[in-house]
Peer 1: 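Let me give you the structure first, and then I'll get to my questions.
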Amino acid sequence: MQSLRAILVVFASVSAVIGALATPAAAAERVLSVGGSITEIVFALGQGDRLVARDTTSSFPPEATALPDVGYMRRLSPEGVLSVGPDLILLDEGAGPPDALDVLRAARVPMVVVPDTPSREGILEKIHVIGEALGVDAKAKELSAGIESDFDMAAAVVAGIPAPERARVLFILSTQGGRILAAGRNTSAAAIIELAGGINAVDAFEGYKPLTDEAVAAAAPDWILMMDRGGSHSAATDELVAMPALASTEAARNRAVIRMNGLYLLGFGPRTAQAIVDLNSAIYGD
């Protein structure tokens, strides 16, 4: 705590000296990006050279991983953030914790909170906000136009699937401890499933919650969708389809399991239209 106070004293003193001369955010040259899709957009706008650091979720493009990592976006450390000396922080609206953000505001580090709505319109809004913050509005408009075209093509692919043939897809976030943590309504997982022409198999609740065996059976998934990560939150296919909660489902009987990169699948950034097409192809075939 003492070291944190010392950092704040230094930053507050510097801010007091240069406050009247502070450059606009658009002229910032030491930018910290917190949020995987934000980092993708910064690079897609041709502004990657202005980044001095990123958070753990920022794993694409590959060049981003060479930057210093300030930690997971929902568990930021003020010391870690301030140590890279940013003159602008682009921050996903889900980042935190709140007390860490309060410390950063007290240090007078310019921050732009980027909205994160999992939709076509939400992606375009992200690009607009980031482009404006970086002073590259023209590039943002060009990128948005390309993404709109990509989404139109993805929508045309999905439109060919008759409603009665749409598959029920269960997104499993975690199987830690033998419990299935699944995606309900108003989640990025539900949004990408529906955009890809599927039906989110769970609609009894919002967010991500554990399911009982009975709830899994009622969900009746044709497919299981997961991120392709390892560790205690995942499970090999043999283990997954043998779980008592899943074993009786059509998805388990057919070993119908799709695994995709988490940021690509759920990030809702520049690559999302292609992720929709890829998920659609995995479910329905080419």
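In this chain, residues are counted from 1 in sequence order. Only a predicted model underlies this, so the values are computations on that prediction, with no experimental measurement involved. FYI, side chains are in, hydrogens and waters are out, and symmetry mates aren't considered; it's all heavy atoms of this structure.
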Peer 1: Side-chain heavy atoms nearer than 4.5 Å, only ILVMFWY residues, links allowed to pass through others: does that put Leu263 and Leu51 together?
Peer 2: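 Looking at the clustering, Leu51 is in a separate group from Leu263.
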Peer 1: When rounded to the nearest 0.5 angstrom, what is the spacing between CG in Asn200 and CD1 in Ile193?
Peer 2: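 Output value for this atom pair is 4.5 Å.
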Peer 1: With side-chain contact (heavy atoms from CB on, under 4.5 Å) as the test, would you mind laying out the steps for Leu240 and Asp238 before giving the verdict?
Peer 2: CA-CA 6 Å; Leu240 184 69; Asp238 287 343; over 6 Å; no
Peer 1: With no hydrogens and no angle check, is any side-chain donor or acceptor of Asp87 less than 3.5 Å from a backbone partner on Arg30?
Peer 2: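 Checked: pair present.
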Peer 1: Are Val158 and Arg166 packed together at the side-chain level, in the sense that at least one heavy-atom pair is separated by less than 4.5 angstrom?
Peer 2: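 Yes; the side chains approach each other to less than 4.5 Å.
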Peer 1: Can you list the steps and then say if Ile123 with Phe151 is a side-chain contact (heavy atoms from CB on, under 4.5 Å)?
Peer 2: CA-CA 11 Å; Ile123 296 170; Phe151 263 90; 3.7 Å; yes
Peer 1: CD of Glu142: more than 12 outside heavy atoms within 6.0 angstrom?
Peer 2: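 Not more than 12 within 6.0 Å, no.
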Peer 1: A side-chain contact here means heavy atoms from C-beta on lying under 4.5 Å apart; do Leu170 and Thr249 qualify?
Peer 2: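 No, their side chains stay 4.5 Å or more apart.
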Peer 1: Give a yes or no on this: more than 12 heavy atoms of other residues, nucleotides or ligands lie within 6.0 Å of atom CZ of Arg253.
Peer 2: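 Counting neighbours around CZ of Arg253, more than 12 heavy atoms of other residues, nucleotides or ligands fall under 6.0 Å, so yes.
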Peer 1: Check whether any side-chain heavy atom of Lys126 sits under 4.5 Å from a side-chain heavy atom of Phe268, and report yes or no.
Peer 2: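 Touching, per the 4.5 Å side-chain cut-off.
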Peer 1: Do the side chain of Thr117 and the main chain of Ser119 share a donor and acceptor less than 3.5 angstrom apart?
Peer 2: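 No; zero donor-acceptor contacts below 3.5 Å.
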Peer 1: Is Arg179 reaching over with its side chain to a backbone N or O of Thr212, donor-acceptor style, under 3.5 angstrom?
Peer 2: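 Not a single qualifying donor-acceptor pair exists.
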Peer 1: Just by modelled atom types, is the Ala219 backbone N or O under 3.5 Å from a matching donor or acceptor in the Arg168 side chain?
Peer 2: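 Here the side-chain-to-backbone pair exists.
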Peer 1: For Gln274 and Arg271, which I'm curious about, is there any donor-acceptor pair between the side chains at under 3.5 Å?
Peer 2: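 No donor-acceptor contact under 3.5 Å links the two side chains.
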Peer 1: Find the distance between CD (Gln47) and CG (Asp49) and round it off to the nearest 0.5 Å.
Peer 2: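 Separation between the atoms: 6.5 Å.
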Peer 1: Do the non-hydrogen side-chain atoms of Asp92 and Val114 ever get within less than 4.5 Å of each other?
Peer 2: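 Result no, sub-4.5 Å side-chain heavy-atom pair not found.
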Peer 1: Looking at Arg255 and Val241, would you say the former's side chain and the latter's main chain have a donor-acceptor pair under 3.5 Å?
Peer 2: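 Not a single qualifying donor-acceptor pair exists.
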Peer 1: Heavy-atom distance under 4.5 Å between the side chains of Ile38 and Arg54, does that happen here?
Peer 2: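 Ile38 does not reach Arg54 side chain to side chain.
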Peer 1: Considering non-hydrogen atoms only, spot the tightest contact between Ile283 and Ala167 and give its length.
Peer 2: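 Here Ile283 and Ala167 meet closest at CG2-CB, 3.7 Å.
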Peer 1: Using 0.5 Å steps for rounding, measure from the CD1 atom of Ile199 to the CD atom of Glu194.
Peer 2: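 CD of Glu194 is found 9.0 Å from CD1 of Ile199.
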Peer 1: Using the rule that Ile, Leu, Val, Met, Phe, Trp and Tyr join whenever any side-chain heavy atoms are under 4.5 Å apart, tell me whether Met153 and Ile147 fall into a single cluster.
Peer 2: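 Each belongs to a different hydrophobic cluster.
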Peer 1: Enter the distance from Trp223:CH2 to Asn254:CG here, rounded to the nearest 0.5 Å.
Peer 2: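 Result: 8.0 Å between the selected atoms.
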Peer 1: Indicate whether any N or O donor in one side chain lies under 3.5 Å from an N or O acceptor in the other, for Thr237 and Arg259.
Peer 2: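 Per modelled atom types, Thr237 and Arg259 side chains form a pair under 3.5 Å.
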Peer 1: The test is side-chain contact (heavy atoms from CB on, under 4.5 Å); show your working for Asn280 and Ile161 and say whether it passes.
Peer 2: CA-CA 10 Å; Asn280 175 275; Ile161 305 164; 2.9 Å; yes
Peer 1: If you compare all heavy atoms of Ala107 against all heavy atoms of Leu82, which two are closest, and at what distance to 0.1 Å?
Peer 2: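 Taking every non-hydrogen atom into account, CB-CD2, 4.2 Å.
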Peer 1: Apply side-chain contact (heavy atoms from CB on, under 4.5 Å) to the pair Asp152 and Asp150, showing each step before the final yes or no.
Peer 2: CA-CA 5 Å; Asp152 287 343; Asp150 291 343; over 6 Å; no
Peer 1: Say whether Met260 and Tyr284 are linked into one hydrophobic cluster, either directly or through other cluster members, by side-chain heavy-atom distances under 4.5 angstrom.
Peer 2: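 Yes, one cluster joins them.
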Peer 1: Where is the tightest heavy-atom contact between Val81 and Pro86, given as atom of each residue plus distance?
Peer 2: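 Where Val81 meets Pro86 most closely, the heavy atoms are O-CD, 3.4 Å.
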Peer 1: Checking the side chain of Arg50 only, and the main-chain atoms of Leu134 only, is there a donor and an acceptor separated by less than 3.5 Å?
Peer 2: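 Yes; at least one donor-acceptor contact below 3.5 Å.
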Peer 1: Below 4.5 Å, heavy atoms only, C-beta onward: do Leu181 and Thr175 meet side chain to side chain?
Peer 2: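 When only atoms from C-beta onward are counted, Thr175 and Leu181 do not touch, as no gap falls below 4.5 Å.
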Peer 1: Where do Val52 and Pro68 come nearest, in terms of heavy atoms and distance?
Peer 2: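 Residues Val52 and Pro68, closest heavy atoms: O-CD, 3.2 Å.
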Peer 1: CG/Leu45 to CD/Glu40 distance, rounded to the nearest 0.5 angstrom?
Peer 2: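 Going from the CG atom of Leu45 to the CD atom of Glu40 covers 11.5 Å.
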Peer 1: A side-chain contact here means heavy atoms from C-beta on lying under 4.5 Å apart; do Asp222 and Val169 qualify?
Peer 2: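 They are not in side-chain contact.
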Peer 1: Quick one: do the Ser281 and Asp278 side chains pair a donor with an acceptor below 3.5 Å?
Peer 2: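 Judged by distance alone, the side chains do not pair up.
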Peer 1: To the nearest 0.5 Å, what is the distance between CG (Asp116) and CG (Leu91)?
Peer 2: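 So the gap between those two atoms works out to 11.0 Å.
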Peer 1: How close do Ala64 and Thr39 get, heavy atom to heavy atom, and via which atoms?
Peer 2: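 Heavy atoms of Ala64 and Thr39 come nearest at CB-CG2, 3.9 Å.
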Peer 1: If you take all heavy atoms of Thr65 and Ser59, which pair is closest and at what distance?
Peer 2: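 Nearest pair, atom of Thr65 first, then Ser59: CG2-O, 3.8 Å.
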Peer 1: Are Val112 and Phe43 linked, directly or through other ILVMFWY residues, by side chains that come within less than 4.5 angstrom of each other?
Peer 2: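 Yes: a chain of side-chain contacts under 4.5 Å links Val112 to Phe43.
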Peer 1: Short question: side chain of Glu165, backbone of Ala163 - any donor-acceptor pair under 3.5 Å?
Peer 2: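 No: the side chain of Glu165 does not pair with the backbone of Ala163.
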Peer 1: Measure from the side-chain N and O atoms of Ser144 to the backbone N and O of Ala140, and report whether any donor-acceptor pair falls under 3.5 Å.
Peer 2: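 Pair found, side chain donor or acceptor close to backbone of Ala140.
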Peer 1: Hey, does Leu265 have a side-chain heavy atom less than 4.5 Å from the side chain of Leu225?
Peer 2: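 A side-chain contact exists here, since the closest heavy-atom pair is under 4.5 Å.
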Peer 1: Membership question, hydrophobic clusters at under 4.5 Å side-chain separation (ILVMFWY): are Ile192 and Leu124 in the same one?
Peer 2: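 Both belong to a single hydrophobic cluster.
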Peer 1: Please name all residues satisfying side-chain hydrogen bond (donor to acceptor under 3.5 Å, both in side chains) with Asn186, sequence neighbours left out, ordered by chain then number.
Peer 2: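 Testing Asn186 for side-chain hydrogen bond (donor to acceptor under 3.5 Å, both in side chains), a comparison that skips the adjacent residues, returns Glu206.
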Peer 1: Taking the six-membered ring of Phe205 as reference, does the NZ or CZ atom of Arg185 fall below 6.0 Å from its centre and within a 45° cone about the axis?
Peer 2: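 Output no; distance or angle outside limits.
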Peer 1: Going by side-chain hydrogen bond (donor to acceptor under 3.5 Å, both in side chains), name the residues that satisfy it together with Tyr208, two or more places apart in sequence or in a different chain.
Peer 2: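 Result, side-chain hydrogen bond (donor to acceptor under 3.5 Å, both in side chains) vs Tyr208: none returned.
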